[in-house]
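Values below: all heavy atoms of this structure, side chains included; hydrogens, waters and symmetry mates excluded. Numbered from 1 within each chain, the chains take letters A, B, ... in sequence-line order.
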Amino acid sequence: MPELPEVELVGRHLRPHILGRRIRHVTATAPSYFFLTSPATLRQQLPGETIRSLERIGKYLLAQLSSGRRLLLHLGMTGQLILEGAQSPRLVHGTPFVRDKHTHLVLEFADSGPKLYFRDTRKFGKVRLLMPGESDPRLDKLGPDALTLTQRILFGASRKRRAKVKSMLLDQTVTAGIGNIYADESLSLARIHPERPAMSLTESECKNLARIVRRVLTRSIEAGGSSIDDYIHPDGSKGGFQQRFRVYGREGEPCRKCGTAVSRVVIGQRSSHFCPNCQRF
DNA sequence: CAAATCCCCTGCAGGC
DNA sequence: TGCCTGCAGGGGATTT
């Protein structure tokens, strides 16, 4: 589910519903590495806090709280932030979401508005409460946001890299927000083979690739993001960008440009899709 | 150092 | 129907 466009959309959908609201009660499940801050601490510390702002940083969401503390959230692979009343993603059409065994955190507010559920089946997501002035190394290490990716950043990062260009795009310290889908889609549009050594890219290829990354991410946001198995929006609605995938998840299917079968290779433990004709090594 | 490998966790689809 | 394998929008720790 969540790469930059999806996280951005979750933030946009959530803001009107949670900003300015005061947390009254917190329910959190058993400790797991989902909780960088213990559930007990969250239950104890969050009530009384008002959510002042919510910003996206790469694939993270960071909520500023009234006490000066901050709540850091990451959706991992299957994380979902769901507003009470949302349509259930996989259950019968028209059924509102109800808390289940994968719902690890519930925020109830002092007003009568909807609760907020944080659900994550695989528990790769993260939640951490940052004390005033406290920082998180994960945030500190992030590169510039991928929506503002420039040729300069890509070209600079690529110079001494023997590693594959796709790995560079996925490296959040180079640029933050690109995940497996948008890396494949961007390289496809840029007609660059994902296994090319990053250092083999020319300056003009970097310029083109940076522009394409920005455009793909922007277009996906406009289309409501990509929804594959789970929904993404806090109200339960789905995105539509997955219908426009050129290569992602299309192994064996014809390239939309030349008809050649889309190939799949594994790069850095991740499936990588490309057209072997349009994206020459 | 940089780069490759393994691991965290759960559910689902497909082959037999 | 059931079992088994492989795979999944992420990223951190460990190894080479």
Nearest heavy atom decides the nucleotide; on that basis, is Q172(A) or R122(A) closer to the 5' end of DNA chain C?
R122(A)
F118(A) and H104(A): aromatic ring centres closer than 6.0 Å?
no
For atom CD of Q80(A) and atom P of dT10(B), their distance in whole Å
16 Å
Distance-only check: which donor-acceptor pairs under 3.5 Å involve side-chain atoms of residues 140-152 of chain A, not counting sequence neighbours?
{"from": "D140(A)", "atom 1": "OD2", "to": "S135(A)", "atom 2": "OG", "distance (Å)": "3.2"}
{"from": "D145(A)", "atom 1": "OD1", "to": "R56(A)", "atom 2": "NH1", "distance (Å)": "2.7"}
{"from": "D145(A)", "atom 1": "OD1", "to": "R56(A)", "atom 2": "NH2", "distance (Å)": "3.2"}
{"from": "D145(A)", "atom 1": "OD2", "to": "R56(A)", "atom 2": "NH2", "distance (Å)": "3.2"}
{"from": "D145(A)", "atom 1": "OD2", "to": "L147(A)", "atom 2": "N", "distance (Å)": "3.0"}
{"from": "T148(A)", "atom 1": "OG1", "to": "D145(A)", "atom 2": "O", "distance (Å)": "2.9"}
{"from": "T150(A)", "atom 1": "OG1", "to": "I153(A)", "atom 2": "N", "distance (Å)": "3.2"}

Show me the protein contacts with nucleotides 14-16 of chain B, counting only N or O atoms at under 3.5 Å.
none

Qualifying ring-ring contact (aromatic ring centres under 6.0 Å, His included) pairs, either residue in residues 52-79 of chain A, two or more places apart:
Y60(A)-H74(A)
If pairs are Watson-Crick or G-U with both distances under 3.5 Å, what is the dot-bracket string of DNA chain C, marking crossing pairs with [ ] and pairs to another strand with |?
.|||||||.|||||||
When you get a sec, tell me which of dG11(B), dG12(C), dG10(C) is the closest nucleotide to the side chain of F124(A)?
dG10(C)
Reckon R138(A) has a side-chain N or O less than 4.0 Å from the OP1 or OP2 of dG10(C)?
no
By side chain to side chain donor-acceptor pair (under 3.5 Å), T121(A) pairs with (sequence neighbours left out) T78(A)
Considering just the side-chain nitrogens and oxygens of H74(A), establish if one lies under 4.0 Å of OP1 or OP2 belonging to dG10(C).
no
Among dG10(C), dC7(C), dC9(B), the nucleotide that comes nearest once only the side chain of Y33(A) is considered
dC9(B)
Would you give the length of the straight line joining atom CZ of F109(A) to atom NZ of K115(A), rounded to the nearest 0.5 angstrom?
11.5 Å
Closest approach to the side chain of K101(A), judged atom by atom: which nucleotide of dT10(B), dG11(B), dC7(C) is it?
dG11(B)
Please state how far atom CD1 in I181(A) lies from atom C1' in dG10(C), giving the value in whole angstrom units.
12 Å
From dA8(C), dC8(B), dT10(B), pick the nucleotide closest to the side chain of Y248(A)?
dA8(C)
Protein-nucleotides 3-5 of chain B N/O pairs under 3.5 Å:
{"from": "dA3(B)", "atom 1": "OP1", "to": "R162(A)", "atom 2": "N", "distance (Å)": "2.6"}
{"from": "dA3(B)", "atom 1": "OP1", "to": "A163(A)", "atom 2": "N", "distance (Å)": "3.0"}

